Participant: 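Sharing a structure below in structure tokens format, with a few things to ask.
In listed order, ligands and their atoms are each counted from 1. In this chain, residues are counted from 1 in sequence order. The structure presented is a predicted model; accordingly, all values stated were derived computationally and were not measured.
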Amino acid sequence: MSPREIHVERHPATRVPRQIGIVHLGLGAFHRAHQAVYLQQCLARSGDETWGLCSANIRANRTLVEQLRANDLRYHVAEYRDSEHLDLREIGVMREALYAGPDGPDREALLARMSDPAVRIVTLTVTEKGYFLNPASGELLTQAEPIAHDIANPTTPHTAPGLLVAALARRRAAGTAPFTVLCCDNMPANGQRTRRAVVSLARHRDSELADWIEAQVAFPSSMVDRIVPAMGAADRARLVALGVDDPAAVACETFSQWVVEDDFPLGRPDWEAEGVEMVADVTPFETMKLRLLNGAHSLLAYLGALAGIETVDAAVASPAFRGLLQHYWQREAAPSLALPAGSDAAAYTERLLARFANDSLHHRLQQIAMDGSQKLPQRWLTGAVEQLTANDAEDLRATALGIAAWIRYTAGTDLSGQPHAVDDPLAETFATLHRCHGDDPAALIDAFLALDAIFPKALRDDRPFAQQLLDALRRLQNDGVASAIAALIPTAADQET
Ligand code: NAI
Ligand code: CS2
């Protein structure tokens, strides 16, 4: 559809805050399209100018910081309702952008800002791997180089946990009350996990500091949801054609949800007025979302990538893939869920299919496939253990097919031999396993199941499940994705006819 046929509704940023009250770590696409949008809307409605944003990248993407600074820290969010309607939102709540990477100039400025008494909340989107926690046990990875650096150099940290500890240490020393730490990454119990990383790291520095953090600092959990694909050249060109030449712009769907545990001792923005759900316990919301949305995303990512499919909408255009998702949702994911009160799994997943089918987003499967070692425990594996405990392994055919596809994906090629990057903290480990066992599918399955940082013991010890994985892997390798789905998920095969 040519740009002139898209109806654009423009929402300029009519106000900017005068005071910075929130620091964000992880100045990525999602932060710009989710938390910052809620803040802009809160400001427009309430006029409360004390919740200005300081956003920082602490690892990469210094260029983005420079681009934002060159545009008075304003940028655009392109919300595609569909291919014919676009809400173009200007965001002006960011009042400071910092690059505090290991080679960056702004680490001291960031720590000073985090120590400012006016800063009452620190939010994070540093990806699941940014907390340096063992995905299965949740323990801090003290052997990871960046964490080892922060243990040895606590006042010049490189990691998100390290920066939080250093800033909290400054606030404690100055007699300043601690900020609230609000994780916005796709992890279960993300507040408790962030607390564990921060307290564990602090204990290496000063046990009294660790005790103070444990007793005084709030780490509420939150569930976040908005599909915000990484911007590609074509996405940017589409906006330029609409007169939006903004290198910091992001594109996303219209849908947005934020469910937050209400534990902010120093106060917070009036998020409820913008539809944010403030709750006592986020668990049912996050489990539903991580397993139904993200679990489905990962199925599409690995099976679609092996089949040479590029995007989410292209994958769900296939009746077989839609049938696979229906089977996964109805037979494997939903039965073990304790849904939030008033929620309906069928209505939720029906809306997911519509969201996935949004062909304006160009959501690349390769992006979703990234960091599988950090994502699959909460998306598939924990639920699989619950299912195995409640039923027989027969009800895990889609999950088994997904795991087999992920294992095959980590070889670095699709089924036609086309190479792809394996972007994962454990990529080297996977490459070694494929080198050692690539010719022996049974040994390869056992070698992956032995990765205790990923697979729970209950799955590792379940021989019938291991046999399901082997059967699925062999079908993928011998017959391809469509045949494997048809053979293992007969209802999906029916969809094709
Ligand atoms: P992005 O690639 O645009 O940004 C990732 C951010 O994380 C960057 O600021 C990067 O510097 C930082 N980062 C990466 N590794 C890091 C590390 N080891 N330590 C510190 N910072 C690190 O990705 P995007 O789209 O912003 O997603 C970020 C996170 O937001 C996701 O991992 C997920 O947890 C959450 N999220 C993303 C959604 C989306 O659709 N994009 C939706 C819901 C949640
Ligand atoms: C995706 C998520 O990249 C991925 O792993 O599954 O970022 C997904 O887009 C969001 O969780 C949607 O809220």
Side-chain angles (χ1 to χ4, degrees), residues 24-37 55-65 68 77 97-102 104 110 123-133 141 144-147 149-150 157-164 183-188 190 193-194 197 222-232 248-253 255-259 285-286 288-302 304 311-312 351-352 355-356 358 361 363-376 378-380 406 423-425:
H24 183 82
L25 305 182
L27 175 47
F30 181 63
H31 165 63
R32 303 203 302 279
H34 186 267
Q35 301 99 49
V37 170
S55 294
N57 266 328
I58 65 173
R59 205 172 85 116
N61 212 343
R62 179 175 193 163
T63 306
L64 172 63
V65 171
L68 282 163
V77 178
L98 299 173
Y99 177 66
L110 176 58
T123 54
L124 300 98
T125 53
V126 291
T127 77
E128 296 88 338
K129 60 183 177 294
Y131 301 84
F132 296 94
L133 295 170
L141 298 171
E145 186 281 326
I147 291 291
H149 168 276
D150 288 2
H158 289 173
T159 68
L163 283 159
L164 289 167
C183 177
C184 299
D185 275 300
N186 274 333
M187 297 186 303
N190 56 15
R193 284 174 179 243
T194 307
S222 79
M223 185 283 278
V224 293
D225 187 3
R226 179 168 240 189
I227 294 174
V228 185
M231 287 285 278
V250 287
C252 60
E253 62 176 336
F255 179 90
S256 187
Q257 186 180 17
W258 200 5
V259 183
F285 297 90
E286 74 181 16
M288 179 168 72
K289 190 260 182 174
L290 285 170
R291 294 189 190 172
L292 297 185
L293 188 158
N294 296 111
H297 253 184
S298 293
L299 279 178
L300 297 175
Y302 300 115
T311 59
V312 171
R351 187 165 190 190
L352 284 183
R355 294 172 62 191
F356 289 174
N358 185 338
L361 298 180
H363 199 177
R364 293 172 52 249
L365 297 177
Q366 178 76 353
Q367 177 183 357
I368 298 168
M370 179 178 75
D371 292 347
S373 66
Q374 313 294 307
K375 296 177 177 179
L376 298 190
Q378 57 267 24
R379 297 183 179 201
W380 295 342
W406 169 71
D423 191 348
D424 191 295

Participant: Under the 4.0 Å line, does any protein heavy atom show up next to atom 2 (O) of ligand 1?
Facilitator: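 Flag for atom 2 (O) of ligand 1 set to false, no protein heavy atom closer than 4.0 Å.
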Participant: What atoms in ligand 1 come closer than 4.0 Å to a heavy atom of Gly130?
Facilitator: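 Every atom of ligand 1 under 4.0 Å from some heavy atom of Gly130: 17 (C), 18 (N), 19 (N).
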Participant: Tell me which protein heavy atom sits closest to atom 42 (C) of ligand 1, plus the residue, atom name and distance to 0.1 Å.
Facilitator: Arg226 O, 3.2 Å
Participant: What's the shortest distance from atom 1 (C) of ligand 2 to any protein heavy atom, and which residue and atom give it?
Facilitator: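 It is His297 ND1, 3.4 Å.
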Participant: Give the contacting part of Arg379 toward ligand 2: side chain, backbone, both or neither, where contact means a heavy-atom distance below 4.0 Å.
Facilitator: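 The answer is the side chain.
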Participant: At what distance is the nearest protein heavy atom to atom 15 (N) of ligand 1, and which residue and atom is it?
Facilitator: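 Nearest protein contact, heavy atoms only, for atom 15 (N) of ligand 1 is Arg59 NE, 3.2 Å.
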Participant: Heavy-atom contacts under 4.0 Å between Leu27 and ligand 1: side chain, backbone, both, or neither?
Facilitator: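 The backbone, only.
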Participant: So for Ala160, does at least one of its heavy atoms come nearer than 4.0 angstrom to any atom of ligand 1?
Facilitator: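 Distance cut 4.0 Å: Ala160 fails for ligand 1.
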Participant: Evaluate the 4.0 Å heavy atom contact test for atom 36 (N) of ligand 1: does a protein atom fall under the cut-off?
Facilitator: yes
Participant: Taking heavy atoms and a distance under 4.0 Å, where does Met370 meet ligand 2: side chain, backbone, both or neither?
Facilitator: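 Contact part for Met370 vs ligand 2: neither.
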Participant: Heavy atoms only, cut-off 4.0 Å: how does Ile58 contact ligand 1, side chain, backbone, both, or neither?
Facilitator: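 Side chain only; the backbone of Ile58 stays clear of ligand 1.
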Participant: Here's a test for you: under side chain to side chain contact (heavy atoms under 4.5 Å, CB included), which of Met187, Gln378, Met223, Lys375 qualifies with Leu290?
Facilitator: Gln378
Participant: Specify the protein heavy atom at minimum distance from atom 9 (O) of ligand 1: its residue, its atom name, and the distance to 0.1 Å.
Facilitator: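 Answer for atom 9 (O) of ligand 1: Asn57 OD1, 2.4 Å.
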Participant: May I ask you to identify the nearest protein heavy atom to atom 7 (O) of ligand 2, giving residue, atom name and distance to one decimal place in Å?
Facilitator: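 Checking every protein heavy atom, the shortest distance to atom 7 (O) of ligand 2 gives Asn186 ND2, 3.9 Å.
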Participant: Are any of the N or O atoms of His363 closer than 3.5 Å to those of ligand 1?
Facilitator: no
Participant: Testing His24, Gln35, Arg32, His31 one by one against Ser55 for a side-chain hydrogen bond (donor to acceptor under 3.5 Å, both in side chains), which residue passes?
Facilitator: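 Only one of His24, Gln35, Arg32, His31 forms a side-chain hydrogen bond (donor to acceptor under 3.5 Å, both in side chains) with Ser55, namely His31.
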Participant: Specify the protein heavy atom at minimum distance from atom 22 (C) of ligand 1: its residue, its atom name, and the distance to 0.1 Å.
Facilitator: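 The closest heavy atom on the protein side is Val126 O, 3.4 Å.
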Participant: Evaluate His31 for polar contact with ligand 1, using N/O atom pairs at a separation under 3.5 Å.
Facilitator: no
Participant: Taking only heavy atoms of Ile227 into account, list the atoms of ligand 1 that are under 4.0 Å away from them.
Facilitator: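 Atoms satisfying the 4.0 Å criterion: 40 (O).
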Participant: Between Thr127, Asn61, Thr125, flag the one that comes closest to atom 32 (O) of ligand 1 by a heavy atom.
Facilitator: Thr127
Participant: Run the numbers for me: atoms of ligand 1, each under 4.0 Å from some heavy atom of Gly28, listed by number.
Facilitator: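 Ligand 1 atoms under the 4.0 Å threshold to Gly28: 3 (O), 4 (O), 9 (O), 26 (O).
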Participant: How far is atom 23 (O) of ligand 1 from the closest protein heavy atom, and which atom is that?
Facilitator: Ala29 N, 4.5 Å
Participant: How far is atom 11 (O) of ligand 2 from its nearest protein heavy atom, and which residue and atom name does that atom have?
Facilitator: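 Result: Lys289 NZ, 2.6 Å.
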Participant: Quick one: nearest non-hydrogen protein atom to atom 44 (C) of ligand 1, plus distance?
Facilitator: Asn186 ND2, 3.3 Å
Participant: Determine the interplanar angle of the Phe356 and His297 rings, folded into 0 to 90°, and report it as parallel if under 30°, tilted if 30 to 60°, perpendicular if over 60°.
Facilitator: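 Ring orientation of Phe356 relative to His297: parallel.
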Participant: Are any of the N/O atoms on Phe132, whether in the backbone or the side chain, positioned under 3.5 angstrom from an N/O atom of ligand 1?
Facilitator: no
Participant: In terms of residue, atom name and distance, what is the protein heavy atom nearest to atom 41 (N) of ligand 1?
Facilitator: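 Looking at atom 41 (N) of ligand 1, the protein heavy atom closest to it is Val228 O, 3.0 Å.
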Participant: Ring-plane angle category for His158 and His149, please: parallel below 30°, perpendicular beyond 60°, tilted otherwise.
Facilitator: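 Aromatic pair His158/His149 classed parallel.
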Participant: Return the option from Leu352, Ile227, Asn294 holding the heavy atom at the smallest distance from atom 8 (C) of ligand 2.
Facilitator: Asn294
Participant: Counting each atom of ligand 2 from 1 as listed, which ones have a heavy atom of Lys375 under 4.0 Å away?
Facilitator: 3 (O), 4 (C), 5 (O)
Participant: Considering only heavy atoms of His363, which atoms of ligand 2 have at least one such atom less than 4.0 Å away?
Facilitator: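 Per the distance check, 9 (O).
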Participant: Any nitrogen or oxygen of Asp225, main chain or side chain, under 3.5 Å from a nitrogen or oxygen of ligand 2?
Facilitator: yes
Participant: Got an N/O contact under 3.5 Å between Asp185 and ligand 1?
Facilitator: yes
